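Structure first, commentary second.
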Amino acid sequence: MIRLRTALLAAATASVAMLGVAQAADDPNEVLAYRKHVMGALASGISNVFAVLQGKASYSQHLASSARILHEASLQLLDVFPEGSAVGDSRSKPEIWTDWAKFEEAGKALQTAAAELVAATEGGDMAAIGAAADKVGDACGGCHKPFRVPQQ
Ligand code: HEC
């Protein structure tokens, strides 16, 4: 009984320690750097899908894994915009946080489009893959337009 209690206490202490680590990393500049890497993963996934679709690269065997990279990154996206992280050279507009419901909708639209792209790549029909990839592109623009400061 005492052993069990000790074990539970040790587990609780460990999880509190892990929480501390997660919070220590939450410096807004670190969040911004992390966010850029998530966006970079999105860009890698969709760019490589388009490179194959447009015949610039012949790695058609990578279509499904590129789509999955994109989908996984899309699932991280909404986590990496905590309030107060529009620091430094961030191009995040304040509307992200004043209109979070709309931002969340734009993030979920990308997740749906990315999941549809994964399904299309598993089917292997190039026309369907192309249509799904275009929808992903629309979903990127559907958030960048309202929520990202245009490049100077
Ligand atoms: C829900 C909103 C949203 C969606 C969807 C979205 N983005 Fe972004 N993206 C942003 C915002 C906001 C920024 C600016 C982030 C910052 O600088 O704080 C950004 C920045 C970027 C950047 C620049 C990163 C850097 O290094 O500065 C790239 C590249 C990018 N997005 C690619 C994509 C691609 C590709 C997609 C679609 C597959 C996508 N994004 C979908 C909101 C979104």
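What you see is a predicted model; the values in this text were computed from it and never measured. Side-chain atoms are counted along with the backbone in the values below, which use heavy atoms only and exclude waters and symmetry mates.
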Return yes if some donor-acceptor pair links the side-chain N/O of [X] with the main-chain N/O of [Y] below 3.5 Å, else return no.
X: Arg35; Y: Ser85; answer: yes
X: Ser66; Y: Leu63; answer: no
X: Arg91; Y: Val149; answer: yes

Quick check for you: to the nearest 0.5 Å, what is the distance between [X] atom [atom1] and [Y] atom [atom2]?
X: Leu77; Y: Glu72; atom1: CG; atom2: CD; answer: 13.0 Å
X: Ile96; Y: Cys143; atom1: CD1; atom2: SG; answer: 6.5 Å
X: Ser74; Y: Leu117; atom1: OG; atom2: CG; answer: 10.5 Å
X: Ser65; Y: His71; atom1: OG; atom2: NE2; answer: 14.5 Å
X: Thr121; Y: Arg68; atom1: OG1; atom2: CZ; answer: 7.0 Å

Taking the side chain as everything from C-beta on, heavy atoms only, tell me whether [X] gets closer than 4.5 Å to [Y].
X: Asp89; Y: Leu32; answer: yes
X: Arg148; Y: Ser92; answer: no
X: Lys56; Y: Phe50; answer: no

Treating Ile, Leu, Val, Met, Phe, Trp and Tyr as nodes and any side-chain heavy-atom pair under 4.5 angstrom as an edge, say whether [X] and [Y] lie in one connected cluster.
X: Ile69; Y: Val118; result: no
X: Trp100; Y: Val38; result: yes
X: Leu75; Y: Leu110; result: no
X: Val31; Y: Met39; result: no

- Would you please classify the geometry between the Tyr59 ring and the His62 ring as parallel, tilted or perpendicular, with 30° and 60° separating the classes? parallel

- Parallel under 30°, tilted from 30 to 60°, perpendicular over 60°: which one fits the rings of Phe81 and Trp97? tilted

- Tell me, yes or no, whether the heavy-atom count around Tyr34 atom OH, taken from other residues, nucleotides or ligands under 6.0 Å, exceeds 12. no

- Around atom NZ of Lys93, are there more than 12 heavy atoms of other residues, nucleotides or ligands at under 6.0 Å? yes

- Query: What's the shortest heavy-atom distance between Ala133 and Leu53, and which atoms?
  - Reply: CB-CD1, 3.8 Å

- Query: Which pair of heavy atoms, one from Ala132 and one from Ala120, lies closest together, and at what distance?
  - Reply: CB-CB, 4.1 Å

- Query: Who are the salt bridge (charged side-chain N to carboxylate O under 4.0 Å, His left out) partners of Glu104, not counting sequence neighbours?
  - Reply: Lys108

- Message: As a quick check of understanding, evaluate side-chain contact (heavy atoms from CB on, under 4.5 Å) for Lys135 and Thr112, giving each step before the final call.
- Response: CA-CA 10 Å; Lys135 275 201 200 162; Thr112 304; over 6 Å; no

